[in-house]
Amino acid sequence: PQVVERCVAAAGYSVGEFAALVFAGALGFAEALYAVKIRAEAMQKASEAVPSGMLSVVGRREANYKFACLEARKHCESLGIENPVCTVSNYLFPDSRVIAGHLQALEFLQENARKYYFKRTKMLPVSGAFHTRLMEPAVEPLAEVLKSIEIQKPLLCVYSNVNGKKYMHAKHIQKLLVKQVVSPVLWEQTMHSVYERKQGTEFPYTYEVGPGNQLGAILKQCNLKAWKQYKHVDALEDEEAAET
């Protein structure tokens with residue numbers, strides 16, 4: 001309980017941003033869950049319209065992701081795909097990105113990984129190119145549901161995936177949660193914003209709540225000093241302990 005009372009900031013990765021806003025008192029739990037349901041259904045529908053996906057990439061220092069995506073789009077155009085999509089959709093940590101878009105573009109990048117100085121590439125087990133303009137059909141349904149929900153100013157700082165900066169007010173939250181669906185997740189940039197400190201200032205304790213500790217692994221790559229104050233809290237473990 002004292003950790004919750006002393007908490008100064010929150011952030012959530014992609015759909016986790018809704019959880020961060022609920023925690024900060026900006027959204028009610030039931031309303032947020034309903035918005036997440038509408039968002040998920042709309043994104044699934046958008047995914048089914050175009051064969052697309054997401055590719056996790058770990059690159060060398062020389063890797064030029066924008067150039068690689070540009071060449072992948074040109075490849076798609078040569079196949080007759082109009083207005084192809086291939087872009088960075090998630091900034092994870094230095095030298096690690098997720099690229100999303102048409103499947104043909106992602107396959108091209110895998111085949112030419114060495115040319116673009118990609119050390120490792122892995123297709124993610126998702127149904128579509130989330131956080132790209134291929135998700136545009138999901139924008140309106142989410143915008144409509146967020147208009148019907150009461151949003152408060154957060155009780156503590158919550159950082160947005162869209163720009164890596166703090167949410168300012170309720171309208172700001174409503175606008176950026178919609179924009180997030182078609183914008184890259186700037187997680188690496190968010191980590192820099194959250195942990196910006198003057199030299200010699202202590203880092204706060206960080207708690208990752210939920211299944212898995214992927215965000216902790218990313219934090220370690222972004223800021224080793226901040227990671228030393230990191231703990232993972234698995235909600236399922238707590239529930240199981242309460243039942244026994």
Side-chain angles (χ1 to χ4, degrees), residues 1-27 29 32-33 36 54 56-61 63 65 88-99 119-120 122 124-126 130-131 154-167 173 176-177 180 183-244:
Q2 68 271 26
V3 168
V4 174
E5 284 168 27
R6 289 204 300 262
C7 188
V8 291
Y13 186 94
S14 190
V15 71
E17 196 154 69
F18 285 85
L21 288 162
V22 169
F23 175 76
L27 297 174
F29 177 71
L33 208 55
V36 166
M54 303 180 84
S56 173
V57 177
V58 176
R60 299 186 191 282
R61 285 289 154 93
Y65 302 95
V88 174
S89 62
N90 303 70
Y91 291 81
L92 302 179
F93 54 85
D95 306 321
S96 181
R97 307 278 185 271
V98 175
I99 294 174
K119 285 194 284 189
R120 283 203 311 275
K122 184 186 176 186
L124 298 180
V126 295
F130 305 138
H131 303 291
L155 300 172
L156 48 96
C157 297
V158 180
Y159 290 80
S160 165
N161 287 182
V162 172
N163 57 15
K165 295 176 183 174
K166 297 170 192 173
Y167 278 116
I173 292 169
L176 291 189
L177 279 180
Q180 192 228 58
S183 303
V185 173
L186 304 185
W187 193 254
E188 182 186 339
Q189 294 86 333
T190 300
M191 292 296 92
H192 293 317
S193 297
V194 171
Y195 296 105
E196 201 172 13
R197 293 282 183 283
K198 284 180 183 168
Q199 199 80 29
T201 310
E202 278 193 26
F203 284 95
Y205 286 98
T206 299
Y207 296 87
E208 179 177 359
V209 183
N213 54 4
Q214 294 93 332
L215 298 182
I218 291 172
L219 176 59
K220 188 177 182 180
Q221 298 289 338
C222 287
N223 191 322
L224 188 60
K225 285 184 179 175
W227 175 78
K228 286 175 180 172
Q229 304 273 47
Y230 160 89
K231 287 182 181 175
H232 173 239
V233 181
D234 193 329
L236 296 175
E237 280 177 13
D238 292 350
E239 283 176 22
E240 284 163 11
E243 285 167 11
T244 53

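With rounding to the nearest 0.5 Å, the separation of CD in Gln221 from CG in Leu224 is 9.0 Å. Within the model, atoms OG of Ser56 and CG of Asn90 stand 9.0 Å from one another, a figure rounded to the nearest 0.5 Å. Here the NE2-CG distance, from His131 to Asn161, works out to 6.5 Å after rounding to the nearest 0.5 Å. To the nearest 0.5 Å, atoms OG (Ser160) and NZ (Lys166) are separated by 13.5 Å. In this structure, Ser193 OG and Glu188 CD are separated by 11.0 Å, a value rounded to the nearest 0.5 Å. Distance check, rounded to the nearest 0.5 Å: NZ of Lys228 to NZ of Lys225 gives 8.0 Å.
Within the structure, side-chain hydrogen bond (donor to acceptor under 3.5 Å, both in side chains) pairs that include any residue of residues 200-215 comprise Tyr195-Thr206, Glu208-Tyr230 (at least two apart or interchain).
A donor-acceptor pair is defined here as one N or O able to donate and one able to accept, closer than 3.5 Å; such a pair exists between the side chain of His232 and the backbone of Gly212. The main-chain N or O of Val194 is found under 3.5 Å from a side-chain atom of Arg197 such that the two form a donor-acceptor pair. Checked by atom type and distance alone, the side chain of Thr190 pairs as donor or acceptor with a backbone atom of Leu186 at under 3.5 Å. Between the side chain of Asn163 and the backbone N or O of Lys165 there is at least one donor-acceptor pair closer than 3.5 Å. For the pair Ser183 (side chain) and Val162 (backbone), a donor-acceptor distance under 3.5 Å is absent. No donor-acceptor pair under 3.5 Å is formed between the side chain of Glu17 and the backbone N or O of Leu177.
The two atoms that bring Tyr159 and Ala9 nearest to each other are CE1-CB, 3.9 Å, heavy atoms only. Smallest separation of non-hydrogen atoms from Trp227 and Gly216: CD1-O, 3.2 Å. When all heavy atoms of Met54 and Phe130 are compared, the pair lying nearest together is CE-O, 3.6 Å.
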Candidate pair Leu124 and Val98, rule side chain to side chain contact (heavy atoms under 4.5 Å, CB included), full reasoning: CA-CA 9 Å; Leu124 298 180; Val98 175; 3.9 Å; yes
Hey, mind stepping through Phe18 and Leu21 against side chain to side chain contact (heavy atoms under 4.5 Å, CB included) and telling me if it holds? CA-CA 5 Å; Phe18 285 85; Leu21 288 162; 5.6 Å; no
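At a threshold of 4.5 Å between non-hydrogen side-chain atoms, the residues Leu219 and Met191 count as touching. Side-chain atoms of Val58 and Lys122, non-hydrogen and from C-beta on, never get closer than 4.5 Å to each other. The closest side-chain heavy-atom distance from Leu156 to Phe23 is below 4.5 Å. Inter-residue side-chain proximity for Pro184 and Tyr91 is flagged as met; some heavy-atom pair is nearer than 4.5 Å.
A salt bridge between Asp95 and Arg61 is present, with a side-chain N of the basic residue lying under 4.0 Å from a carboxylate O of the acidic one.
You'll find the ring centres of Tyr13 and Trp187 inside the 6.0 Å limit.
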